[in-house]
Amino acid sequence: APIEFPEPAQKLDMASREGAPERQFKYLHQMCLLHASNFTRANQIKIVSLLDGYKAVIAARNPIGPYLFSRSIFELSAFICDVSTRLRDIAAKPDANWMSKGEEFFSLIVRARFATTDLKKRRALEAAGMPARLLKPINVMNSIATLLAQPGAADALRDQYDRLCDFVHHNLSSQVTSSPGFRMGDVAHSAGGGALVMMKGGPITRYEYPVPHKPELAVEETLPIVMKCIEVCVE
């Protein structure tokens, strides 16, 4: 069901509350809570949307689509895991340092929400007073390292990101999805009746569309990855 949250500022105004610790504390708490609530709901919807896409390409028997959505789901789970881990670490710092850790929490959640490589958006946010350091996106490989450090995640997901990337990029794995396979022989046939006769037998690759068998293989290879990543996101 729809829900609305106020959109808090991307920059703290502690100066106007100087000398009033209780007001500063409540202000920090409110600002962090609203940003965290927006972040959580946005990514909950994003997870479900990616799963919808994953299911749709499976239903369409698309042999490459499951790899595309699986990689995106992998990256999102790593991102959420990384941000959540950092926020929990900040929250665990001594309560006596409530102001510094509140400001640190605020900076991280704002960066997680608003960092972008889109120059037009960056310029608009900088013009609105947002610090440039908070517009630098969190490195996905660092996030993946954090994800793989979680108990149980490494065994299920180690080396899987590189495999998914090989299918998404125009490399060997993605080329193979265009063919149901090859056979050994000395005559290559076409549906039009033509043939290529080889002097010596060897591997003959078949091409056809739609590609049989590969959609089922894509599901078999990606579903365990997707399930583990969704488990991480929910946690």
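Everything numeric in this text was worked out from a predicted model, so none of it was measured.
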Among pairs that include at least one residue of residues 83-99, which meet salt bridge (charged side-chain N to carboxylate O under 4.0 Å, His left out), considering only residues two or more places apart or in two chains?
Asp82-Arg86, Lys93-Glu104, Asp95-Lys101
Go through the steps to decide whether Glu126 and Arg123 satisfy the test salt bridge (charged side-chain N to carboxylate O under 4.0 Å, His left out), and finish with yes or no.
CA-CA 5 Å; Glu126 287 178 353; Arg123 293 190 188 106; over 6 Å; no
Gln150 side chain reached by Cys81 side chain, heavy atoms, under 4.5 Å
yes
Is there a chain of hydrophobic side chains (I, L, V, M, F, W, Y, each step under 4.5 Å between heavy atoms) that links Tyr54 to Leu76?
yes
Under a 4.0 Å N-O cut-off, is there an ion pair linking Lys214 with Glu216?
no
Side chains of Asp52 and Ser49: is there a donor and an acceptor less than 3.5 Å apart?
no
Carefully, step by step, assess Glu7 and Arg113 under the rule salt bridge (charged side-chain N to carboxylate O under 4.0 Å, His left out).
CA-CA 11 Å; Glu7 190 61 61; Arg113 291 192 65 207; 2.6 Å; yes
Is it true that atom CD of Glu18 has more than 12 heavy atoms of other residues, nucleotides or ligands lying nearer than 6.0 Å?
no
Does Tyr207 share a hydrophobic cluster with Phe167, counting links as ILVMFWY side-chain heavy atoms below 4.5 Å and allowing steps through other members?
no
For the pair Asp13 and Tyr27, evaluate side-chain contact (heavy atoms from CB on, under 4.5 Å) and give the outcome as yes or no after the intermediate values.
CA-CA 9 Å; Asp13 177 19; Tyr27 172 69; 3.8 Å; yes
Spell out, yes or no, whether Ile90 and Ile80 are grouped together once hydrophobic residues are joined by side-chain heavy atoms under 4.5 Å, including indirect joins.
yes
For the residue pair Leu33 and Pro8, establish whether any side-chain heavy-atom pair is separated by less than 4.5 Å.
no
Hey, is CE on Met99 packed in by over 12 heavy atoms from elsewhere, all under 6.0 Å?
yes
Establish whether Ile47 and Val57 are linked, either directly or via other cluster members, by ILVMFWY side-chain heavy-atom contacts under 4.5 Å.
yes
Kindly work out whether a path of hydrophobic side-chain contacts (I/L/V/M/F/W/Y, heavy atoms less than 4.5 Å apart) joins Phe114 to Leu134.
yes
Do Tyr67 and Ser174 pair up side chain to side chain, a donor and an acceptor below 3.5 Å, judged on atom types alone?
no
Partner residues of Ala195 under the side chain to side chain contact (heavy atoms under 4.5 Å, CB included) criterion, sequence neighbours left out:
Val187, His189
Hey, is CD on Glu235 packed in by over 12 heavy atoms from elsewhere, all under 6.0 Å?
no
Does any part of the side chain of Ile204, heavy atoms only, come nearer than 4.5 Å to the side chain of Phe182, both counted from C-beta?
no
Taking atom CZ of Arg158 as the centre, report whether more than 12 heavy atoms of other residues, nucleotides or ligands fall under 6.0 Å from it.
no
